Amino acid sequence: MDNRKYNIYFNTHTISGIIICAILYVMFFAGSFSFFKDDLASWQKNESYLSHEAEVKKNFNFILDSLAKHHTLKGRDFDLTMQRHQAGVYVSMTASHDPIVQKQKKPKKKPEGRRGRGRGGDEDSAFFTYDFSKQQEADYASSYTIGEFLYRLHFLAQLNQVFPFRIGVPFGYLLAGIVSFIFLFALITGLLLHWDKIVSNFFTFRPWSKRKTLWTDLHTVLGVIGFPYQLVFAITGVILIFNSFLIIPYTKLFYKGNEEKIYQDLGYGIKSDFTYANQPLATPFDINRLVTQTEQKWPQSDISLIAIRNYGDENMHVVIQGKPHTDAQLNGQGEIIYRIRDQKIISERAPLATPSYIHTVRGLILRLHFGDFGGRPLRVVYFVLGILGCIVINSGVMIWLVARDNKNIPARKRTFNFWTANVYISSSLSMLPVTAFTMTALLLLNKPDQSDIYHWYFYSWLTLGVYFLIRKDLALVNRQSLCLSMVTCFLLPLADGVRRGNWFWNTFTRGAFDILFIDVLFLCLSIISGVILWKLEQKKRTHPSSVQVKEKVGQLGTS
């Protein structure tokens, strides 16, 4: 490779990486834990969806009867979206289409200071979650979990509350999309940069060499190993976050600005429209019977959505959608439409039927991004590759800092470089101990909600990050973050056992493997942190001169 191309690739890779490194680390770290979103929810609620899977009875009639005590249901539309573990459902109810109900409606003002979504509101609509095992409903804020928090953090959804303006999409999603797009450039230029020596560099790792060599070898080897994974996430992340921007031209040209219509054609929601007839329904209605009937029709599949249109009206329809089990078929979506007045099936498509082009492409993107097609083993592989991605980002920052720590660079620039790295390292390395600390704190709270998780996570993250910043010693920050990670990750399963009796043997005996997995995961993270810390201390004793040279990095920041 000639020098001109090398310099282009090097500068593009370095600049794009440094610009996005801090946010990209947050996305990778939170995204890695998001693969265990359901397990984290089970752990926090101390309710194993796996051990009670066979005992859960899905009573949809009870949900409608409960809503009828607070609302007149005639003429309303309902969307009941099943959660992935099938033990709960998201319930959405619209305002009524019936003119008489609309006149009788008395708009309610949402109480001041209330956060999240729930029943009531200015449009007499409702949104809440319902747990079949407990037969309880909860609004979004009270049912919020650390799994939901980390999942939404990985695409920066929390920033939407800090910056509530939109530029096509909410600010947090826009920033996450831009970072994913720049990350794609960094990946491609990084591959081209190492292309000529990719084989030889892959098998070269010199942990006892000078610091720049160590970080370079680590960055190259792990970068090559994780390249396919990172490329898949960069592409699918851009598509999933930027889809609102990507479809704007097609919406303007072919749909005359009707976004709802184009999303329906892309397979989101219910495509069919049902006119409100304003005539009472004379036929008895049992949603449980329809769901059971559909489940019998669709073996090796799960119900994903139950949509009720024009409740209690002569033109009432029920649309049920389902998805095949991934071990039976990777992609596909089934849909059956019941007309209630004569119990007739208007249309039917089985989940295991040959999927359409749209469902194949959309399903492939979702499967690749969420890693939900290979069970827990695949999600563990995704998690490990995601954490390796975090190490690649960290090593890239250290390469950048070490390369600029020489006498040829003015002191003010070296100071600026150090503080740039100091801010990044302090904020990134504090995430693991903060996550473990927050989860342990949730054990001590009575029914923690969204605000509790926000306060404990963000305030502790800010406190620890500022503490690391003022130490102005990257080597010290690395050692102390490892020590804190080792302690907090170990305390988490210990506190779970003491507080709730969830010792490993207890959760294993009762089949609560989701709770057991989280405790084992953090115990493993504690052991790994301890081993790395022990290796660093051992190296410090056996190679004191080498370590002293490495600890000089960033000393300009203290002067």
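Only a predicted model underlies this, so the values are computations on that prediction, with no experimental measurement involved.
- Partner of Tyr382 under the ring pair (Phe, Tyr, Trp, His ring centres under 6.0 Å) criterion, chosen from Phe36, Phe370, Phe33, Phe233: Phe233.
- Judged purely by distance below 3.5 Å, without hydrogens or angles, the side chains of Asn506 and Thr509 never pair a donor atom with an acceptor atom.
- Ring planes of Tyr459 and His455: parallel class, angle under 30° (limits at 30 and 60°).
- The main-chain N or O of Asp77 is never found under 3.5 Å from a side-chain atom of Arg309 such that the two would form a donor-acceptor pair.
- Taking the side chain as every heavy atom from C-beta outward, Ser48 and Phe513 never approach each other to under 4.5 Å.
- No side-chain donor-acceptor contact under 3.5 Å links Asp449 to the backbone of Ala141.
- For the residue pair Tyr130/Gln135, the side-chain donor-acceptor check at 3.5 Å is not satisfied.
- Inspection of the Gln83 and Tyr49 side chains reveals no N or O donor paired with an N or O acceptor under 3.5 Å.
- Annotation for Leu429 and Asn394: closest pair CD2-ND2, 3.5 Å, computed over non-hydrogen atoms.
- Checking Tyr144 against Gln44 by side-chain atom types alone, no donor-acceptor pair falls below 3.5 Å.
- Side-chain atoms of Thr420 and Phe416, non-hydrogen and from C-beta on, do get closer than 4.5 Å to each other.
- A 4.5 Å side-chain heavy-atom check between Asn478 and Leu536 finds at least one atom pair inside the cut-off.
- In this structure, the side chains of Ile239 and His369 stay at 4.5 Å or more apart for every pair of heavy atoms.
- A donor-acceptor contact closer than 3.5 angstrom is absent between the side chains of Asp98 and Ser96.
- Residues Asn502 and Asn46 bring a donor and an acceptor atom of their side chains to less than 3.5 Å of each other.
- Taking the side chain as every heavy atom from C-beta outward, Ile393 and Tyr424 approach each other to under 4.5 Å.
- Rounding to the nearest 0.5 Å gives a distance of 11.0 Å between CG of Leu174 and CG of Leu159.
- Side-chain contact between Ile453 and Gln450 is absent, with no heavy-atom pair separated by less than 4.5 Å.
- Ser460 places no side-chain N or O within 3.5 Å of a backbone atom of Val434 that could act as its donor or acceptor partner.
- Checking side-chain atoms of Arg76 against main-chain N and O of Thr94 turns up a donor-acceptor pair under 3.5 Å.
- In this structure, Leu525 and Ser485 have side chains that are not in contact, with every pair of non-hydrogen atoms separated by 4.5 Å or more.
- Judged by the 6.0 Å distance and 45° axis criteria, Arg510 is not positioned over the aromatic ring of Trp505.
- Ser526 places no side-chain N or O within donor-acceptor distance of the main-chain N or O of Cys489, the cut-off being under 3.5 Å.
- A tilted orientation is assigned to the rings of Trp456 and Phe437, their planes being inclined by 30° to 60°.
- Using a distance-only test at 3.5 Å, with no hydrogens or angles considered, no donor-acceptor pair links the side chain of Asp79 to the main chain of Leu305.
- Side-chain contact check for Trp43 and Asp519: at least one donor-acceptor pair (N or O, by modelled atom type) lies under 3.5 Å.
- For Tyr151 and Phe35, the gap between ring centers reaches or exceeds 6.0 Å.
- Taking a cutoff of 4.0 Å between a charged side-chain nitrogen and a carboxylate oxygen, Arg376 and Asp39 qualify as a salt bridge.
- Ser180 has its side chain within reach of Met27: a pair of non-hydrogen atoms, C-beta onward, lies under 4.5 Å apart.
- A salt bridge does not link Lys323 to Asp302: none of the charged side-chain nitrogens sits closer than 4.0 Å to a carboxylate oxygen.
- Remark: side-chain polar atoms of Ser395 are paired, donor with acceptor, to backbone N or O of Val392 under 3.5 angstrom.
- Aromatic pair Phe458/Tyr454: ring centres closer than 6.0 Å.
- Contact check on Asp372 versus Lys37 returns no salt bridge, with no Lys/Arg side-chain nitrogen under 4.0 Å from an Asp/Glu carboxylate oxygen.
- A side-chain donor-acceptor contact under 3.5 Å links Asp514 and Ser42.
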Kindly determine whether Phe60 and Phe132 satisfy ring pair (Phe, Tyr, Trp, His ring centres under 6.0 Å), including the steps that lead there. CA-CA 9 Å; Phe60 298 96; Phe132 288 114; 5.3 Å; yes
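- Ring geometry for Tyr457 against Phe149 counts as tilted: the plane angle lies between 30° and 60°, on a 0 to 90° scale.
- Here the side chain of Thr129 pairs a donor or acceptor atom with the backbone of Ala138 at under 3.5 angstrom.
- A side-chain donor-acceptor contact under 3.5 Å links Thr507 to the backbone of Trp503.
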